[in-house]
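Everything below concerns the one structure shown next.
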There are 4 protein chains.
Amino acid sequence: MSLPEAPSSAPAPPAGEAPRSFAGGMWSFGRIIDRYATDGYGPEIPTLRTIELAAASGELSGLDLNYPFDEGVSVAEVKETLAAHGLVATNITPVIYDRRFRSGSFTGAREETRNAAVALAHESVEVAHELGARYVKFWPGQDGYDYPFQVDYPTLRRHAVESIRDIARAHPDTTFAIEYKLKEPRNRLFWSTAAASLLAIEQMGVDNVGLVVDFGHSLFAKENPAEALSLAHSMGRLVDVEIDDNYREWDDDLTAGALHLVETLEFLHVVRSIGWRHPVKLDLFPYREDPADAVRESVATLRALEERAARLPLDELRAAQERHDAMAAQRLVRTALFG
Amino acid sequence: MSLPEAPSSAPAPPAGEAPRSFAGGMWSFGRIIDRYATDGYGPEIPTLRTIELAAASGELSGLDLNYPFDEGVSVAEVKETLAAHGLVATNITPVIYDRRFRSGSFTGAREETRNAAVALAHESVEVAHELGARYVKFWPGQDGYDYPFQVDYPTLRRHAVESIRDIARAHPDTTFAIEYKLKEPRNRLFWSTAAASLLAIEQMGVDNVGLVVDFGHSLFAKENPAEALSLAHSMGRLVDVEIDDNYREWDDDLTAGALHLVETLEFLHVVRSIGWRHPVKLDLFPYREDPADAVRESVATLRALEERAARLPLDELRAAQERHDAMAAQRLVRTALFG
Amino acid sequence: MSLPEAPSSAPAPPAGEAPRSFAGGMWSFGRIIDRYATDGYGPEIPTLRTIELAAASGELSGLDLNYPFDEGVSVAEVKETLAAHGLVATNITPVIYDRRFRSGSFTGAREETRNAAVALAHESVEVAHELGARYVKFWPGQDGYDYPFQVDYPTLRRHAVESIRDIARAHPDTTFAIEYKLKEPRNRLFWSTAAASLLAIEQMGVDNVGLVVDFGHSLFAKENPAEALSLAHSMGRLVDVEIDDNYREWDDDLTAGALHLVETLEFLHVVRSIGWRHPVKLDLFPYREDPADAVRESVATLRALEERAARLPLDELRAAQERHDAMAAQRLVRTALFG
Amino acid sequence: MSLPEAPSSAPAPPAGEAPRSFAGGMWSFGRIIDRYATDGYGPEIPTLRTIELAAASGELSGLDLNYPFDEGVSVAEVKETLAAHGLVATNITPVIYDRRFRSGSFTGAREETRNAAVALAHESVEVAHELGARYVKFWPGQDGYDYPFQVDYPTLRRHAVESIRDIARAHPDTTFAIEYKLKEPRNRLFWSTAAASLLAIEQMGVDNVGLVVDFGHSLFAKENPAEALSLAHSMGRLVDVEIDDNYREWDDDLTAGALHLVETLEFLHVVRSIGWRHPVKLDLFPYREDPADAVRESVATLRALEERAARLPLDELRAAQERHDAMAAQRLVRTALFG
């Protein structure tokens, strides 16, 4: 590892840049359930239908796909449905957090469970290739613990790091990304923060594993999302970017910009500064809302904010930041937002 | 309303007191599900089987029963099963938080929904009487909102207060209790804290509505649970007491005393000081644990703590508290805990 | 107490309304110190100089004054300096939280300390009258505790409630307000949330004690500030309104709108709905910033936001809120903010 | 960097081990001040007197010394006073967080300020050598920012990492440690979590910089302190261990074990497992308490807990952890605590 080499202030994107595109998560369009509404917040929605619904939002170019799909649905059918609706698969996210993996996937106590997680990962690589997805995403939401004294920390760490390292080595041409999150469903997750995850990824000693920085996860991990994004980028480990919002304590998965407009603006400012060209992904759980509505509202807010981010006078902002001048920076932000 | 008249330091329970008994929640023994393990953390468990499992823990004298029961299960069957296993129904908790009430029960936007919640409440009163339950508990977990600007606050308040007031007036001989919680599943719940709930209950102007103080809910609402308990008691509004534990940010529903031994000890100290004679209820969600194990571990911890609470020299403690002497109080607590 | 009678949606302020005015806190212009920079974040600033600096910000019409003033400074001098700079005293805030009251003011363990707090309160009433201030504000920041078992809760409550009740009875023509805060400097404050404070105020049985709702305090008490404001108003207990911002965990006292623009907008929307005509007060601690700059930046942001609040189509918003339609409400908010 | 090589379960300390010793912080015995009690929570206490007071607690073998000392106090005098009272200097902590460094020390905006911080660091190395201290501790509590957009993150990072790297290279035989903390006095600190700090330390490419893991800092950074300790140790970067307690949201610096007995027990269990032989340091801010009392109460609690930790049956615990069996682990913990 070495010090960040990225220029601290990349030039503004060129005038002729393509408009920002957005991706979504298949889960936003399926049936959401929780521990109270155990009959779900709506009816069951089959895999292929979630793709249609995502397309019907009219704002998405790609989709993050949980795998396995519904029983009986083939990869070819998914591919066809995506194509028919003008969507790409941005990535495959193996479901390593359902009942089978309730006590851990890559770090599960039983070797059999760990092997099942690894097998599903290998399978997901195949599916990603078939669908032309850019990467395979691991969200090891059951890898962690709930109680003090429950696990031996070095063992947990070894399983977490070595399993993904081995998968990455087995597929040197595939990109893998870890989506970190502080907690939920476990009370403590191993892949908890940007820095904790980057440290563990560095320990893997492989080049094809990076990070998904989710604005909301970052926020309730008590990070500043823009700083986390900048860090992952500076280490060459940024694989994808997700946005949503929450009350800083839990992964509420509200629409983008619902609460934290200034920090979302700063996040988009860094997204622009690093020259991010892939779609920005939305990670929403619209329990009681129409998902297409939640996507459209999020995209409209992000477009409005990015338009404001483009108005920021970069030279003046750089000068204010060189002085650590919070009031000058706030003034520029306010002017960009409200004229 | 008037100032608390309860003596600030009730005498210690008499020597010949009956041993503390415990109750549980039916939900702890059923299938737990969440938004990730949508196939559940275990198989489905029918209503009558949860009663058997609760009894088999060997530590419970009563059960908090969600109503309606499984389709086809009659109140008489439940009554019989409880009796056959030596359990009583402590209370009935109508399920006003499933899909039908996903956007609110008593405060739902549609009159039809609000009426459905009220109808279920009336029905629950009947069931409570049939089962000899001490009270009907409302946990209005969908009554609130998720986003700024989503609701008109005075309207929300009016619906919340008037609906329960009207139910209470219709059943003047029935005791009702509200279990407050800061959030989840809504991001913001109306019945959020002990004080907010007591204030709204006072506004009802009825005598038969009170509070369930849940240690865990109180903890992550940023209250001190012992103080909340003392407040509810001082106003004559304490109907029931529940215990569990969490990391102070969310309703993790861990076993009693898993994390916050000192505050649990203080809670039990107040439970004793006010002469609480009903069972202490456990509110656990043992996602990955055997529920009977979680109950037994909780009860063993609470018994150990109450035995320590009984060792506290009340005169010395009172003297330390009169001086606000934290170090003297800590010393007494440490000595009670560790000798 | 009775149910809120305030109309749920007051009409919009009339077209010819006076522009919003702002007040500040004397402390924002004095020397700020904390436990690390014990030599202060800047030089000492005498009382009269803070008034000049507040006036020089060019944006304030009034000032919240801590009392006692610097030794040797008379009330007449303060009055004169205020007048010379076109400022009014909005209120007097007795310093019941310095070394003398470090272990409590109205609830201090020693009677002598409690009497000293009461004496200072009486003196503050005189000063308020001399200066023509609208009310006397109590911020009992040392009234609470730090450790479990440190205090007897009913005794704490009795002291907290009775002391202020007695002061209020002694000055029936004076308005008093309590500024609640969850914590700091004590780990647990008695006057913690809006509801907890309103409940205790109702127990006083007096008409001349109300609440200061501080946006920032409300935010990190895990309330929704707009809802807290609405509640205090509906009970006829709203005495003043303060704004600042923070990261939802602590009283950071950042400039208004620095982080939570949407919730600040909603707060201003309620401020408008209830027809608030007094200055809106800023509660800032500009540790490392020029205080006049922080005031100007806050005012500019609040003016921009209130101008957006005025654009909200009230009929459509009311209709969305009647349906609890979060996405429709968000759309109206986004359109008001960004066109 | 490579994977942790530390055995996951070190053998229990041998029977003949020396009893645990404790160190303190000079600041616990001096005058504490905050932004409200600007006249301090007690009178001023000169440097040499804090040493006497620390010794008089009767429980400390060493002291963490802030440098510079009071004006006019020489290093020789400090050395003499320490010796006269049987104390050692555990480490020197340069005061890089007072008014001079209010906007940053190593990361300050002005080169002059950064140079001043570096100069003070060099001076502290000399003082540490003169006093025979084991290491120099950096607590860069002003290195960070308060507002979004205030700083350029890569620049902040470069200054933070390079400055300490250069100091470490200039003194290859001196050990340096960074004490991380999420916030306070800045709203966001650069050295925020264990993992963030270890990542940055690895980027330095030096061997003589490590970490101080403070139980309380770790707790409110939403880490599990025992896991953070294990991580720092596994990377060979653990320089010192501090204990105190808080409500998980702020650095309250309460006495050890005041609130979180189970997590303190687990922390001590790891302290033992890694064979820690240096004194365990207390980091207390006894605002309203006698500091010697706070030290004695903390030490008594830690001794009681360590005695319980020694009772944990390591084989059974290891077996439970291999199964991730939380209930079995809890049972062992409860039995160790309460018999």
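Reminder, nothing fancy here: chain letters follow the sequence lines and each chain counts from 1. This structure is a prediction, so every number in the text was calculated from the model and none was measured.
Contacts between B/Phe149 and chain A at a heavy-atom distance below 4.5 Å are absent for every atom of the residue. Contacts between A/Phe285 and chain B at a heavy-atom distance below 4.5 Å involve the side chain alone, from C-beta outward. Proximity to chain B involves both the backbone and the side chain of A/Arg186, based on heavy atoms less than 4.5 angstrom apart. With a 4.5 Å cut-off on non-hydrogen atoms, B/Tyr247 touches chain A through its side chain but not through its backbone.
Top candidate by heavy-atom pairs under 4.5 Å with chain A, chosen from B/Gln142, B/Lys183, B/Glu184, is B/Glu184. Interface check for chain B: of the options A/Leu254, A/Asn246, A/Asp252, the most heavy-atom pairs under 4.5 Å are formed by A/Leu254. Interface remark: of the candidates B/Gly141, B/Ala258, B/Gly42, B/Gly42 forms the most heavy-atom pairs closer than 4.5 Å to chain A. Options A/Asp245, A/Leu259, A/Asp146 differ in how many heavy-atom pairs under 4.5 Å they form with chain B, and the most are formed by A/Asp146.
For B/Glu44, the CD atom sits in a loose shell: 12 or fewer heavy atoms of surrounding residues, nucleotides or ligands are nearer than 6.0 Å.
Remark: B/Tyr41 engages B/Tyr287 in a ring pair (Phe, Tyr, Trp, His ring centres under 6.0 Å) (not counting sequence neighbours). With sequence neighbours excluded, the residues satisfying side-chain hydrogen bond (donor to acceptor under 3.5 Å, both in side chains) with A/Glu112 are A/Arg110.
Contacts from residues 30-38 of chain B to chain A, taken as heavy-atom pairs separated by less than 4.5 Å, involve B/Arg31, B/Ile33, B/Asp34, B/Arg35, B/Tyr36, B/Ala37, B/Thr38 in sequence order. Contact annotation for residues 288-304 of chain B against chain A (heavy-atom separation below 4.5 Å, listed by residue number): B/Arg288, B/Glu289.
In this structure the side chain of A/Asn187 never reaches within 4.5 angstrom of the side chain of B/Trp250, judged on heavy atoms.
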